[in-house]
Amino acid sequence: MARTNDDVAAVLEEYADLLAITGHEDFKIRVYQKAARSIGAYPDDIAGYDAAALRRIPNVGESIAAKVAEYLRSGTMAKLEELRGRIPAGVRALTHIPALGPKRAMVLHERLGVDSPASLESAIAAGALRGLPGFGPKTEENLLHGIALLRDSGQRVHLGVAMPLAEDIVAALEAVRGCRRCGYAGSLRRMKDTIGDIDVLATSDRPRVLMDAFVGLSQVTEVIVRGDKKTSLRTGQGLQVDLRVVPPDAWGAAVQYFTGSKAHNIRTREIAQHHKLKLSEYGLFDAVTEEKIVSRTEEEVYQRLGLPWIPPTLREDTGEIEAALAGALPDLVTEADVRGDLHTHTDLTDGHASLEDMVAAAAARGYAYYAVTDHGPNLYMQQMTLGKAVAQRERLRELDGAYGPRLLHGIELNIDPDGEVDWPPDVLAGFDVCVASVHSHFDLPRDRMTGRLVRAAKNPHVSIIGHPSARLIGRRPPIDADWDEVFRACARSGTALEINAFPDRLDLAAELIRRARPYGVKFAVDSDSHAVGHLANLRYGIGTAQRGWLTADDVINTWPLDRLTAFLRKNR
DNA sequence: GCCGTTTTCGGCCCGACTGTTTTCAGTCG
């Protein structure tokens, strides 16, 4: 369920695109894009705002405030409707074809009447582009290729796909002679939950050798562009990987630049300008003399801009610049802060490893405590019974301390459509930790869904709501609930919200985490492991927690055991 | 159209690569 802010941001983005297609000045287009970002990132819901209230949002001036107020009032914006009337929706879709931007999309529309990717394909086939200025034979070929790519859509992938691939590529390039330094940047370094392409950065005195190695990687199916400074290729999964090679002493400026986000970079460059400096991937320069000032490390670059180093997971221009200037950046939770995992499975239900193997793996990770939370009986196919749970508890007590971690016996309960869970209070009281999660009935009306989650949170034996939105990235949208109401209930009842670290879940998502924190909600970053190898997925959950601006104090499984057990008991 | 450690007017982030050009526009990140 989109917030009003997201809706308005999308409308302004569309307006900016249509201005670009109709040939308006670049700066005017950027202003609308900037305003769209500011409104999308604005913490309060702008539903019902009038023009005066809207003008208090950064980058929203008189004209945009009037347009947005009109839209909020009437659900429509006259200027946008006028452009929509002139430009068919398909023309905007043309600009989604790789290598086709607004300028040439406009040429195609005006000269040939092309109004969709499909009609462009026909026009090319009919030879209609021949003789059109700016469109040669190579362009035709590229456009056809781009339309095909768009059709079987280069979908974004989740971290679990992109991260291992990036790490393999970085390891391979580090082994190449002459490679001084190599790492991934971009949305992957920022730990976004989905990744459009992988950005790899390297320093080398022999860039050509590195580029040769890069295009020769086994994962490569297509070389998109090839140069000494930049090469782009596509892997078998259709994922684009870019490699940029910069001189060794430019590492800091380059990794800052290629980590992004774009919005964050625009802000840092503006700050540079105000200091009469110029920031590029090659360094921070004096704007007048062009003399290089710093470039070696990110810390130096930020420092010279008057900022502390900003963690990559915060670099979205959603307040981190202001916080940095005010000396108020959060002391983010890290993987090293985590003392244990509170949501894991064994082969008693749908896990693939034995209790002993899971506990040994947890011990190897250095955990101080570790909870086993197999599924309760209401997930019928798991065939759980109270007898099996009690037997598991006895075995767990025998193993307690034998491997290292203090072992907690838990259960993952199922939240039914009414907010009830598998067992009555007297049975639940026997567990050290109860996680409760939604596993079905994903499309209840919003008020019922909200009531369902609130009731589960209020259950005195439920300490953690597992994967709260039940989303599966790319496959299932999050459930619709009044999240602010859920957050209030969790804060009041002392129920933690899970940040499920499984890479196709990452649930809660960062935006909701950040919204929940001011209510005083606590969080548990859990792996939801079903196999030994899954324990390491925790890092994706920590990245997501960082994107939600969380500190270690916000995350209950960074706490010492006595503080944790007091929280889990919920004042019972 | 927005904004202000240079400004209420005059500027707006920067560089690489491609393809179509004979010096550069368009696109992308």
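Naming: A, B, ... by sequence-line order, numbering from 1 per chain.
A cation-pi arrangement is present between Arg104(A) and Phe135(A) under the rule of less than 6.0 angstrom and at most 45 degrees off the ring axis.
Taking atom CZ on Arg156(A) and atom C1' on dG29(B), their separation rounds to 13 Å, with Å as the unit. Atom-to-atom, OH of Tyr282(A) to P of dG15(B) comes out at 9 Å; the value is rounded to the nearest Å. Rounded to a whole Å, the NZ atom of Lys34(A) is 16 Å from the P atom of dG11(B). For the pair Leu129(A) CG and dT20(B) C1', the computed distance is 14 Å after rounding to whole Å. Going from atom CD1 of Ile21(A) over to atom P of dG26(B) covers 14 Å, rounded to whole Å. As a whole-Å value, the separation of Glu25(A) CD from dC2(B) P is 14 Å. Atom CE of Met106(A) is separated from atom C1' of dG26(B) by 12 Å (rounded to the nearest Å). The distance between atom CZ of Arg226(A) and atom C1' of dC28(B), rounded to the nearest whole Å, is 20 Å.
Among the atoms of the strands shown, none is found under 4.0 Å from any heavy atom of Leu12(A). Residue Pro102(A) is in sugar-phosphate contact alone, with no base atom involved, counting any heavy-atom pair closer than 4.0 Å across all strands shown. At the heavy-atom level, Glu62(A) lies under 4.0 Å from the strands shown only through sugar-phosphate atoms. Within 4.0 Å (heavy atoms only), Asn142(A) reaches sugar-phosphate atoms of the nucleic acid but no base atom. Looking at heavy-atom distances under 4.0 Å, Tyr32(A) makes contact with sugar-phosphate atoms alone, never a base. At the heavy-atom level, Lys278(A) lies under 4.0 Å from the strands shown only through sugar-phosphate atoms. When heavy atoms are screened at a 4.0 angstrom cut-off, Lys230(A) is found touching the sugar-phosphate backbone but no base atom.
Across dG29(B), dT20(B), dC2(B), the shortest atom-to-atom separation from the side chain of Asn59(A) is found for dC2(B). Among dC12(B), dA16(B), dG29(B), the nucleotide with an atom closest to any side-chain atom of Asp199(A) is dG29(B). Side-chain atoms of Arg30(A) lie closest to dC13(B) of the nucleotides dG19(B), dG26(B), dC13(B). Side-chain atoms of Tyr257(A) lie closest to dG29(B) of the nucleotides dG29(B), dC2(B), dG15(B). For Ile266(A), the listed nucleotide lying nearest its side chain is dC13(B); candidates were dG19(B), dC13(B), dG1(B). When distances are taken from the side chain of Lys229(A) to each of dG26(B), dA16(B), dG1(B), the shortest belongs to dA16(B).
Comparing the same atom, P, in dT18(B) and in dG10(B) gives a spacing of 40 Å after rounding to whole Å. With both ends at atom P, the span from dG15(B) to dT8(B) equals 28 Å, rounded to whole Å. Going from the C1' atom of dC2(B) to that of dT7(B) covers 13 Å, rounded to whole Å. Separation of the P atoms belonging to dG26(B) and dT21(B) is 13 Å when rounded to the nearest angstrom.
The salt bridge (charged side-chain N to carboxylate O under 4.0 Å, His left out) contacts involving residues 111-125 of chain A comprise Glu121(A)-Arg151(A), where partners must be two or more places apart or lie in separate chains.
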Dump the pairs, protein N or O against N or O of nucleotides 4-9 of chain B, anything under 3.5 Å, distances to one decimal.
| residue | atom | partner | partner atom | Å |
| --- | --- | --- | --- | --- |
| dT6(B) | OP1 | His274(A) | O | 3.2 |

